[in-house]
Enquirer: 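First the structure, which I've put down as structure tokens, then a few questions once you've had a look.
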Amino acid sequence: MAGLEIRDLTVLYEEGVAVDHVSLNVAPREVVAVLGPSGSGKSTLLRAVAGLENLVSGSLSWDGADVTNLPTHERGFVLMFQDGQLFPHLDVAHNIGYGLFRWEKAARAARVAELLRVVGLEGYGERPVTALSGGEAQRVALARSLAPAPKLLLLDEPLSALDAELRAQLGQFVRQTLTDSGTPALFVTHDLQEAQTVADRVVTMDNGKLALPL
Ligand code: ADP
Ligand code: MG
């Protein structure tokens, strides 16, 4: 099995089961949306895939190799959040290049320029991120997430803080960007329309359990 394979994953908090025996595959280049209400376990699932949760049961593999016990930074996955979490003291270019600290300076500059083009923000490199609109900030966050060419992008409601019109517009944009770069992704949202815009396939989550695809 190529791509991500989640098998029988369970995460428990003191209050109860957050992720309940979840199994799911993400094929190479595939974008899968996980749709569910608040509290259904979506974020916990993403965090578990990223290696940020203790598992009660289950396994994760990438291209057939077991990664269940691999440290987060060795998985090659990137997690992006609702509020983008840009570094306010760095300009746009340095935010995008943040994960490329091991790269040579010229290569890093070229990669940052490429990503600025990808997200339609050419010429924005030296702007302070505090001067960006909400939509621009999320495009910078998307560029930063894509910069190290992750094997898999984990997107946790990346558009939820934006207004409806911008959300629809950026949904298309995210879809296009993931497709063009061939990056497989797990996209978490509570918005059906957004899920259908962004993803190849939508699965639903409720009370920690995955339900049948829509
Ligand atoms: P969603 O992202 O779908 O809103 P979450 O994964 O954040 O859902 O939460 C799933 C369940 O786990 C909820 O009942 C939530 O209260 C609980 N939960 C989430 N994070 C923690 C935590 N760090 N400690 C304890 N319980 C948590
Ligand atoms: Mg969440």
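Just follow the structure's listing: the first ligand is 1, and inside any ligand the first atom is 1.
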Enquirer: Students should be able to answer this: which protein heavy-atom is nearest to atom 3 (O) of ligand 1, and at what distance?
Expert: Lys42 NZ, 2.8 Å
Enquirer: Do Ser43 and Asp156 have a side chain donor and acceptor closer than 3.5 Å?
Expert: yes
Enquirer: Closest non-hydrogen protein atom to atom 8 (O) of ligand 1, residue and atom name please, with distance?
Expert: Gly41 N, 3.1 Å
Enquirer: Would you mind checking if Glu5 and Arg7 are paired as a salt bridge, meaning a charged N to carboxylate O distance below 4.0 Å?
Expert: yes
Enquirer: Identify which of Ser38, Gly39, Ala18 has a heavy atom lying nearest to atom 13 (C) of ligand 1.
Expert: Gly39
Enquirer: Could you tell me whether atom 17 (C) of ligand 1 has at least one protein heavy atom nearer than 4.0 Å?
Expert: yes
Enquirer: Within the 4.0 Å heavy-atom shell around Ser40, which atoms of ligand 1 are there?
Expert: 1 (P), 3 (O), 8 (O)
Enquirer: What protein heavy atom sits nearest atom 6 (O) of ligand 1, and how far off is it?
Expert: Thr44 OG1, 2.5 Å
Enquirer: Please check: side-chain N/O of Thr72 versus main-chain N/O of Gly51, any donor-acceptor pairing under 3.5 Å?
Expert: yes
Enquirer: Less than 4.0 Å is my threshold; does some heavy atom of Pro37 fall inside it relative to ligand 1?
Expert: yes
Enquirer: I need the nearest protein heavy-atom contact for atom 7 (O) of ligand 1: residue, atom name and distance, please.
Expert: Ser43 CB, 3.8 Å
Enquirer: For a quick check under 3.5 Å, do Thr189 and Asp191 share a side-chain donor-acceptor pair by atom type?
Expert: no
Enquirer: Can you tell me if Ser43 has an N, O or S atom under 2.8 Å away from the Mg ion (ligand 2)?
Expert: yes
Enquirer: Which value, rounded to the nearest 0.5 Å, describes the distance between Thr197 atom OG1 and Leu159 atom CG?
Expert: 9.5 Å
Enquirer: Do we get Arg139 above Tyr124's six-membered ring, with its NZ or CZ under 6.0 Å from the centre and within 45° of the axis?
Expert: no
Enquirer: With a 4.0 Å cut-off on N to O distance, would you call Glu136 and Arg127 a salt bridge?
Expert: no
Enquirer: Heavy atom under 4.0 Å from ligand 1: found in Met205's side chain, backbone, both, or neither?
Expert: neither
